[in-house]
Amino acid sequence: MNEKQPTYWEVMRERGYSRRDFIRFCSWLAAFIGLESTGITKVVKAMETKPRLPVVWFHFQECTCCSESFIRTSHPIVADIILDKISLDYTETLQAAAGFQAEEALHNTMKKYKGEYVMLVEGSVPTNDDGVYCCIGGRTALDIVKEAAEGAKAIIAWGSCASNGCIQSSKPNPTGAKPVHKVISGKPIIKVPGCPPIGEVMAGVIVHILTFDRIPQLDGLGRPKAFYSRRVHDTCYRRPNYDAGLFVETFDDENAKRGYCLYKIGCRGPVTYNACGVTRWNNGVSYPIQSGHPCIGCSEESFWDNGPFYQHLASFPGFGIESTADKIGFALGAVTVAGIAAHAITTNIRKRKLIQNQINENNQKGGE
Amino acid sequence: MKDEKIKRIYVWQLPVRFYHWLNFLAIITLIITGYLIGSPLAIQSSSEASFSYWFGTIRFLHFSAAFVFFFNFLFRIYWGFVGNKYADWRNFIPTRKEQFKEILDVLKVDILQVKVKPLRSIGHNALAGLTYFLTFLAFLFQSVTGFGMYSAMSDSFLPKLFAWIVPLMGGDFAVRQWHHIMMWFFIIFAIVHVYLVFYHDYVEGRGVTSSMVGGWKFIEKED
């Protein structure tokens with residue numbers, strides 16, 4: 001406990017990075033969290049003076065695509081420094097230790113840095129049947145997540161699983177999978193949804209905490225505003241086609257070749273908040289829409305239940321796969337019109353006498 | 001030609017009629033443009049996007065009509081407190097025994113088509129009032145979900161007031177879906193509403209249809 005923790009700069013120097021590398025690294029960090037150039041000095045200062053941030057990274061019901069995305073951030077130095085050399089005290093996927101050693105490392109960190117460590121959660125937590133559907137080291141995920149959250153400074157929910165349940169919690173959700181915020185309360189939780197989230201976004205969130213010692217500004221759903229305040233639609237390079245009303249009708253038509261808007265083949269861009277249109281993927285090479293495929297809204301809650309992916313309206317629950325609100329609306333409208341027609345006919349049959357009487361009455365009066 | 005058995009009554013004040021027809025225009029615009037936004041026309045065109053803006057225009061019309069609709073709705077609520085007794089808000093929420101009894105009577109007239117004593121109400125009958133109350137709830141729902149979605153692309157004050165609905169309903173997709181489903185409530189309401197006005201006019205002969213233009217209704221004098 002008393003031993004002094006080395007700072008990031010010290011660790012980097014030990015690892016043989018030059019001052020030049022360090023400054024370059026800090027510049028990248030500043031760019032990731034969207035700071036202006038004058039902000040670089042803040043990052044440099046933080047890295048020179050602050051001890052390493054203890055981090056534990058849990059994997060529950062998930063596919064590890066978040067980790068995969070993270071280690072592929074466009075500038076490996078970031079992932080390298082954060083994951084390997086500096087911070088990670090526990091992560092099933094990447095740590096060298098296994099079994100008892102790994103569990104021991106986890107418990108040491110949790111004890112030694114109580115109230116200081118950052119807890120990263122990848123994957124949802126099953127709650128049905130006492131949580132038996134995900135056990136690590138003989139304990140349920142629910143148990144582990146509660147214990148670890150107790151002493152955590154903040155929690156980052158990586159990916160859609162931990163942020164909103166993703167595929168495990170889609171209907172009928174047999175394991176009772178829940179996102180982190182539904183099983184933990186009283187701790188700041190930063191949601192970084194996406195399946196997977198963009199690696200640069202993940203790095204940006206961690207770097208923000210490193211640099212400023214506090215969590216980034218969050219929106220109403222608990223996502224960092226810097227990356228999730230705009231819809232994919234708002235930053236889409238195909239947006240002018242949307243405004244001009246030029247849409248792809250099917251995947252192989254002329255309009256698809258011209259690169260028109262993918263709205264009519266189910267693009268979820270207008271309802272999805274993410275940074276794909278700006279940061280893009282694989283070192284900024286492309287993103288789904290640029291590759292001709294509509295956005296499936298992977299960073300939005302229950303995107304698996306909002307299907308089918310290639311139509312804009314979801315199927316109407318209880319009316320079969322093909323039924324949308326529009327089809328049911330049309331049917332209801334037709335039924336209404338038919339009912340009205342029937343009603344009008346019976347009215348005329350039943351009220352004919354009444355109305356005839358009224359007319360006669362009037363005529364008599366007029367004649368008097 | 002004076003008919004002693006019929007009496008004229010001024011029922012719908014000018015602001016009520018004005019509200020009704022402005023609401024009519026706004027809702028028609030909202031339904032047409034809203035439907036087009038949900039499933040835009042298929043246009044085969046080789047022009048570049050920069051030459052046209054029709055979809056943007058459709059959306060602009062939808063949003064402007066939404067503002068008109070919203071403030072008109074607010075105005076009608078206000079008029080429910082200051083207008084005449086036929087416009088009063090108490091007509092819309094059944095609380096008194098007579099209102100419940102009249103609801104049953106109206107159902108008998110409308111569905112079973114039996115003749116009951118002339119309906120008591122001169123303004124809205126109790127069932128119509130209750131139905132309009134439900135439409136007010138639908139107005140509120142459409143306003144909240146609509147502005148909630150709009151808040152993502154607007155910096156103005158009013159839409160931001162409704163941004164909370166998006167996290168509450170679990171994201172823009174769900175909000176959009178329910179906003180769309182509710183459109184069908186308006187369409188079906190409009191069909192039934194217009195028919196029932198014609199029907200009541202026909203069987204009662206009180207001039208219900210023209211009352212929303214001129215404001216006058218004609219009722220039987222009590223002897």
Side-chain angles (χ1 to χ4, degrees), chain A residues 164 219-222 229-231 233-234 238-247 249 253-255 258 260-261 263-264 268 270-273 297 300-303 306 312-314 316 324-326 328-330 332-333 336-337 339-340 343-344 346-348 350-351 354-355 358 361-362 365-366, chain B residues 1 3-5 35-36 38-59 110-111 113-115 149 152-153 163-164 166-178 180-185 187-189 191-192 194-196 198-199 202-203 205:
Chain A
N164 49 44
D219 68 3
L221 284 168
S229 64
R230 282 189 293 174
R231 299 171 302 171
H233 190 54
D234 297 327
R238 295 193 189 212
R239 178 61 187 264
N241 293 291
Y242 172 86
D243 290 327
L246 300 170
F247 298 105
E249 300 291 328
D253 68 1
E254 265 309 297
N255 292 357
R258 292 201 189 98
Y260 287 172
C261 174
Y263 178 73
K264 283 181 85 174
R268 301 285 192 261
V271 293
T272 304
Y273 293 78
E300 287 294 308
E301 189 174 324
S302 57
F303 76 99
N306 291 339
H312 216 90
L313 275 176
F316 207 75
T324 61
D326 278 345
I328 289 165
F330 271 122
L332 272 180
T336 312
V337 170
I340 282 173
H343 192 272
T346 54
T347 302
N348 276 300
R350 298 196 54 152
K351 306 276 174 180
L354 178 116
I355 291 185
Q358 283 175 351
E361 223 172 278
N362 272 5
K365 257 181 230 144
Chain B
M1 279 296 288
D3 192 334
E4 288 88 14
K5 287 180 92 176
Y35 187 82
L36 283 172
S39 45
L41 301 170
I43 295 177
Q44 292 290 324
S45 154
S46 54
S47 71
E48 287 300 324
S50 47
F51 288 113
S52 57
Y53 194 69
W54 80 264
F55 199 61
T57 309
I58 294 279
R59 291 172 71 246
D110 286 0
I111 294 170
Q113 303 191 342
V114 295
K115 186 171 164 59
M149 283 189 282
M153 45 186 146
W164 51 268
V166 177
L168 190 73
M169 290 179 80
D172 280 40
F173 188 92
V175 179
R176 185 180 185 284
Q177 180 86 351
W178 283 106
H180 192 115
I181 288 168
M182 198 52 93
M183 172 190 76
W184 285 101
F185 170 83
I187 294 173
I188 288 167
F189 167 81
I191 297 172
V192 175
V194 170
Y195 174 71
L196 281 180
F198 289 0
Y199 169 76
Y202 185 47
V203 300

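Residue numbering restarts at 1 for every chain, and letters A, B, ... go by the order of the sequence lines.
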Can you name the closest pair of heavy atoms from A:Asp234 and B:Ala152 and give their distance?
OD2-O, 4.4 Å
Honestly, the part of B:Tyr53 sitting under 4.5 Å from a heavy atom of chain A is both
With a sphere of 6.0 Å drawn around CZ of B:Phe189, does it hold more than 12 non-hydrogen atoms of other residues, nucleotides or ligands?
yes
What residue, out of B:Ser39, B:Ala174, B:Pro40, has the most heavy-atom pairs lying under 4.5 Å from chain A?
B:Pro40
For A:Pro240, side-chain contact (heavy atoms from CB on, under 4.5 Å) partners two or more places apart
B:Ala49
Apply side-chain contact (heavy atoms from CB on, under 4.5 Å) to residues B:Arg59 and A:Asp243 and explain how you reach the verdict.
CA-CA 9 Å; B:Arg59 291 172 71 246; A:Asp243 290 327; 3.9 Å; yes
Can you tell me if CZ on A:Arg239 sees more than 12 non-hydrogen neighbours from other groups inside 6.0 Å?
yes
Check each atom of A:Tyr263 against the heavy atoms of chain B and say whether the ones under 4.5 Å are side chain, backbone, both or neither.
side chain
Shortest non-hydrogen pair, B:Ile188 vs A:Leu332, comes out as CD1-CB, 3.4 Å
Shortest non-hydrogen contact from B:Gly171 to A:Glu300?
CA-OE1, 3.9 Å
Heavy-atom pairs under 4.5 Å with chain B, option from A:Leu246, A:Val271, A:Thr336, A:Val337 with the top count:
A:Val271
Which atoms of A:Phe330 approach chain B - backbone, side chain, both or neither, heavy atom under 4.5 Å:
both
Against chain A, work out which of B:Trp54, B:Trp164, B:Tyr195 has the most heavy-atom pairs shorter than 4.5 Å and name it.
B:Tyr195
Evaluate the side-chain proximity of B:Tyr202 to A:Asn348: yes if any heavy-atom separation is below 4.5 Å, no if none is.
yes
Please step through side-chain contact (heavy atoms from CB on, under 4.5 Å) for the pair A:Arg268 and B:Asp172, ending with a clear verdict.
CA-CA 10 Å; A:Arg268 301 285 192 261; B:Asp172 280 40; over 6 Å; no
Can you say whether B:Leu196 sits under 4.5 Å from chain A via the side chain, the backbone, both, or neither, judging by heavy atoms?
neither
Closest approach of B:Pro167 and A:Gly220, non-hydrogen atoms and distance?
CB-O, 4.2 Å
Applying a strict 4.5 Å limit to non-hydrogen atoms, the region of B:Ile191 in contact with chain A is both
Run B:Tyr35 and A:Asp326 through side-chain contact (heavy atoms from CB on, under 4.5 Å) and show every step you take.
CA-CA 9 Å; B:Tyr35 187 82; A:Asp326 278 345; 3.8 Å; yes
Qualifying residues under side chain to side chain donor-acceptor pair (under 3.5 Å), relative to A:Glu249, sequence neighbours excluded:
A:Lys264
Heavy-atom contact with chain A under 4.5 Å, split by part of B:Phe173:
both
Measure A:Thr346 against the heavy atoms of chain B and call it side chain, backbone, both or neither at under 4.5 Å.
both
